[in-house]
Amino acid sequence: MISRFTDATAEEINKVMDRSWQAFHVYRKFPLKKRADFMSAIAREMEASADELVHKAMSETNLPEPRLRNEFNRTLFQLRSYGAACEAGDWLEARIDTAIPDRNPPRPDIRKMLVPLGPVVVFGASNFPFAYSTAGGDTACAFAAGCPVVVKAHPAHPQTSEGVARAILKATEKSQMPEGIFGHIHGSGTATGRLLVTHSNTKAVGFTGSFSGGKALFDWANQRKEPIPVFAEMGSINPVFFLPGKLKESAIETAKAYASSITLSSGQFCTNPGLIIGIEGPELQDFITALGNEIKHIVPATMLHPGIAQSFQNNRSAALAQEGVVTVSVSETLPKENQGIPTLASASASAFLNNPLLHQEVFGPYSIVIRCKNKQEMREVATHLEGQLTTTLMATAKDIREHEELVEALKNICGRFILNGVPTGVEVCLSMQHGGPFPATTDSRFTSVGADGIKRFARPLAFQNWPDELLPEELKNANPLQIWRTINNELTKKGIL
Ligand code: NAP
């Protein structure tokens, strides 16, 4: 990919990572409130350049203004709400077990909390130029955890990334943060990413993008002398299971909502419903026909960059050419250059089960309906699916009771289990889980959306027998920060007498 910014050299990367390492030793000791204030300052600086940044992103990503304004506001909300969560301190998981000197053997005083990992390298996502790029969710979580950040700008929106980086640097100066708390690197091709991930000062990685990209970074991180965690969000086809009762009840109404979910932002969402599974019969046929009719009327849109448009074209053509796959419907409007044509396909469950290619993500406005002969075959499809960010169940309460084994199998493969809805639209809140079993992500124990994402960039440290005056504020007897702590198995804000 071509950008007008020059690729960082190995020497420049060394310099940035050294400054990041130095900044870590200063920033990690800053009070939680100071971190939160810094994150609010970034949001303010971005807000001051909102129009300029949104217009830059429009020209670089082809995404429409309302979508980008929404995403921009979501990014500010993430910075502010993760900052507030940082200050509230629940994420620290403070645990205190006070000493019992007269027990045999005596119990020592032990106090545990999460502490920052060190410099985090973030790879911006092409499909979220704000919310999952330079000042996006990974960056906000890392700052909240007490880690400096080095961003590798996505080469598809380098100007937007540069503009956001300037806002962060202004906030850094105004908030009197250590200089190396934020670094910004350009570079296309694998060399820059490899140098960043394998640098000895890098202690964790955040990534959103392709399976091949995320897996390459994960492998390099694990081959290091000191392996480090990589939180990579990669592909997902987000299966939707239509159970018979629900299909009977509202197949036609649901088709409209699904046509819009499949084609939203030209299907360029990690939660795009790329696979729909139902049991053969007149209701499923009605649903396929209704969904096909909706898809026909959706006008193609320009995709994020020519590379993604080309991949969509290739992957779509490959999927449609597989044995047993029929094209149900395509948009009646012919696509222009770099546009993705909305497409609905269909195949039998046996064709799907026998062909791994049909399990792969076609990133763009595409979905395939899988027709199962019966309940058993539907379950077989469920058990052959790889890890997913989301799984959706379209079902009545009776359906759920009658398909208990299917429901259990689905819980096993996803991070978010949706009932009677669409998977697109990810709420930024504490209860959100945006992550799933491999290959959806490289670590299903964590989320990349919501303030719990802060924990990705921290590790537990237990202090044993430390006197009160030498403990961190978070663990002192008086609880001066007024955070929630578990003391001798009781969750409380009380101090220790
Ligand atoms: P990408 O190709 O994975 O690139 C993401 C970032 O990682 C870029 O900065 C890229 O740099 C870098 N990178 C990729 N492969 C690398 C490697 N082997 N070594 C080092 N760095 C590497 O993702 P994309 O450009 O956003 O989109 C490409 C495809 O990814 C899409 O067609 C889609 O299939 C998938 N995608 C999935 C999601 C999702 O959420 N599931 C989101 C976006 C994209 P360079 O470009 O300079 O190599």
Side-chain angles (χ1 to χ4, degrees), residues 1-3 5-8 13 60-63 71 121-129 131-134 136-138 150-158 160-161 184-199 202 205-221 223 230-238 264-274 303-316 318-319 338 340 360-366 386-390 415-416 423-424 426 434-436 438-442 448-449:
M1 242 170 270
I2 298 160
S3 81
F5 296 96
T6 41
D7 292 1
I13 289 175
E60 287 187 316
T61 65
N62 302 309
L63 292 170
E71 190 189 322
V121 167
V122 171
F123 288 78
S126 60
N127 57 341
F128 279 99
Y132 271 81
S133 286
T134 316
D138 289 347
V150 174
V151 167
K152 183 197 172 263
H154 196 289
H157 50 75
T160 311
S161 194
H184 191 233
I185 295 279
H186 291 276
S188 45
T190 59
T192 312
R194 184 176 190 152
L195 284 169
L196 285 167
V197 172
T198 55
H199 198 285
T202 303
V205 176
F207 169 93
T208 304
S210 63
F211 175 78
S212 57
K215 184 63 166 49
L217 304 186
F218 178 78
D219 289 344
W220 290 327
Q223 284 156 16
V230 173
F231 300 100
E233 186 203 314
M234 306 176 288
S236 192
I237 50 174
N238 305 296
L264 195 67
S265 278
S266 205
Q268 298 165 117
F269 281 121
C270 47
T271 50
N272 187 53
M303 299 192 77
L304 289 161
H305 60 76
I308 284 202
Q310 190 58 53
S311 298
F312 172 67
Q313 216 173 352
N314 297 346
N315 295 336
R316 171 187 175 274
N338 297 327
Q360 283 169 23
E361 182 181 39
V362 178
F363 192 71
Y366 170 91
E386 292 184 312
Q388 306 288 336
L389 290 173
T390 75
R416 181 161 57 107
T424 40
V426 181
H434 194 66
F438 187 87
T441 69
T442 44
S448 60
V449 175

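We number each residue from 1, following the sequence as shown. As the structure lists them, so they are numbered: ligands from 1, and atoms in each ligand from 1.
- By the 4.0 Å heavy-atom criterion, Trp220 is counted among the residues contacting ligand 1.
- Taking every heavy atom of Ser188 and a limit of under 4.0 angstrom, the matching atoms of ligand 1 come to 47 (O).
- Under a 4.0 Å heavy-atom criterion, Phe207 is in contact with ligand 1.
- For a threshold of 3.5 Å applied to N or O pairs, the pair formed by Met234 and ligand 1 contains at least one separation below that value.
- Checked against a 3.5 angstrom limit, the closest N/O atoms of His154 and ligand 1 fall inside it.
- The shortest N/O to N/O separation between Lys152 and ligand 1 falls below 3.5 Å.
- Listed by number with element, the atoms of ligand 1 under 4.0 Å from a non-hydrogen atom of Gly235 are 41 (N).
- By the 4.5 Å heavy-atom criterion applied to side chains, Ser266 and Pro365 are counted as neighbours.
- Between Pro129 and Glu71, the closest side-chain pair of non-hydrogen atoms falls below 4.5 Å.
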Q.
I'd like to know whether Glu233 forms a side-chain hydrogen bond (donor to acceptor under 3.5 Å, both in side chains) with Thr441, so could you lay out the CA-CA distance, the side-chain angles of the two residues, the decisive distance to 0.1 Å, and finally the verdict.
A. CA-CA 4 Å; Glu233 186 203 314; Thr441 69; over 6 Å; no
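- No side-chain heavy atom of Asn62 sits under 4.5 Å from any side-chain heavy atom of Met303.
- Comparing Cys270, Pro155, Ala156 against atom 39 (C) of ligand 1, the shortest heavy-atom distance belongs to Cys270.
- Against a heavy-atom cut-off of under 4.0 Å, Ala216 is close to the following atoms of ligand 1: 18 (N).
- Residues Phe123 and Leu217 meet the side-chain proximity criterion, which asks for heavy atoms closer than 4.5 Å.
- Using a 4.0 Å cut-off to heavy atoms of Glu233, the atoms of ligand 1 that qualify are 40 (O).
- Across the listed options Ser161, Ser210, Ser126, Ser210 owns the non-hydrogen atom lying nearest to atom 30 (O) of ligand 1.
- A donor atom on one side chain and an acceptor atom on the other are found under 3.5 Å apart for His184 and Ser161.
- Ligand-side atoms of ligand 1 in range of His305: 25 (O), range being under 4.0 angstrom from any heavy atom.
- Close contacts between ligand 1 and Gly187 involve ligand atoms 47 (O) [criterion: under 4.0 Å to a heavy atom].
- For the pair Thr160/Ser133, no side-chain contact is recorded, criterion being any heavy-atom separation below 4.5 Å from C-beta on.
- Counting heavy atoms from C-beta outward, Thr208 and Phe128 have side chains that stay 4.5 Å or more apart.
- Between the side chains of Gln223 and Asp219, not a single donor N or O lies within less than 3.5 Å of an accepting N or O.
- Glu361 pairs by the salt bridge (charged side-chain N to carboxylate O under 4.0 Å, His left out) definition with nothing, not counting sequence neighbours.
- Annotation for ligand 1: atoms under 4.0 Å from non-hydrogen atoms of Gly213 are 14 (C), 15 (N), 16 (C).
- Considering backbone and side-chain N/O atoms, Thr208 never comes within less than 3.5 Å of an N/O atom of ligand 1.
- Between the side chains of Thr271 and Thr390, no donor-acceptor pair is found at a separation under 3.5 Å.
- The part of Asn127 lying near ligand 1 is the side chain, judged by heavy-atom distances below 4.0 Å.
- Inclusion of Ser236 in the set of residues having an N or O under 3.5 Å from an N or O of ligand 1 is not warranted.
- For ligand 1 and Ile308, the ligand atoms under 4.0 Å from any heavy atom of the residue are 27 (O), 31 (C), 32 (O).
- Evaluated by nearest non-hydrogen atom to atom 36 (N) of ligand 1, the leading choice among Gly209, Ala153, Ala309 is Gly209.
- The shell of residues lying under 4.0 angstrom from ligand 1, judged by heavy atoms, excludes Thr192.
- Contact annotation: the side chain of Tyr132 never approaches that of Val122 to less than 4.5 Å [non-hydrogen atoms, C-beta and beyond].
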